Amino acid sequence: MIADTALWEPPMESRTWKYVVLHHSGMVEGNVASIDLSHRQRRDQFGSQWTGIGYHFVLGNGLGMPDGRIEPTFRWEQQLHGAHSGSRPHNLYGIGVCLVGDFETAPPTSRQLTATERLLEWLCGRFGIGRRQILRHADVAATRCPGRLFPYTELLDSIREPVAVAAGDHHDPMF
Ligand SMILES: [Zn+2]
C-alpha cells in the first residue's frame, strides 16, 4: 500500500495543470502494463502509433493490481501531456486519472474510491486545481466513461478544496 504522497511529486519541473479528467479502464481487470500495451496498439488520427499509456495515474481494483494502489505512469514521471480525453485542452492541461474497472457494470471498490479522494486532494492542493475542474471524461467528450456507476457527485463532495491557490503560478493566457 503506497501511503506516501512524496511518490507523486514529479521528479522534474511540473507542467501547467488545470484539470483532472477521470476515467475507468472499461475492463474488469488491468494494470499500468496492460493498459500501456493496449494503448500502444492504437493509432491517432494521423495514423501514428500512440506512445504508450495515455493516463498519468492508474488506480488498481485488486484484479491485476492491488486494490487501492495508485501508480503514476511515465507520462507523470516525465510530465508529458496526456492522451486520454479526446479534447485538446484537456489532454494538454488535464491530469488523466484512470480507475481499473468497468463502471457500467459494477462500481469502483471502496479502497479505489478512498485512494482516488487522497490523490485528488493532493493534486488539487499541489497544482491549485479547484473542485469544478475535476471532470469526468464524459464531461469533455462523447463517451460514457467513467461509467454510470461511478459516484462522481459523492466523490466531489468528499474532496476538500485546496487551502490556497498559488496566484500567478503557471499562468497561461491561452485558456
Ligand atoms: Zn475515459
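We use all heavy atoms of the structure for the numbers below, so side chains are in, but hydrogens, waters and symmetry mates are not. Everything numeric here is computed off the predicted structure, so don't read it as measured data. Numbering of ligands and ligand atoms starts at 1, following listing order.
Between Tyr55 and His39, the two ring planes are tilted [angle within 30° to 60°].
In summary, His23 places an N/O/S atom under 2.8 Å from the Zn ion (ligand 1), meeting the contact criterion. For residue His137, an N/O/S atom approaches the Zn ion (ligand 1) to within less than 2.8 Å. With a cut-off of 2.8 Å, the Zn ion (ligand 1) has no N, O or S atom of His24 in range.
Looking at every heavy atom in both residues, Phe57 comes nearest to Ile70 through CD2-CG2, 3.9 Å.
Within the 3.5 Å criterion, the main-chain N or O of Pro72 finds no donor-acceptor partner in the side chain of Trp8.
Annotation: cation-pi geometry satisfied between Arg15 and Trp17 (NZ/CZ under 6.0 angstrom from ring centroid, within 45° of ring axis).
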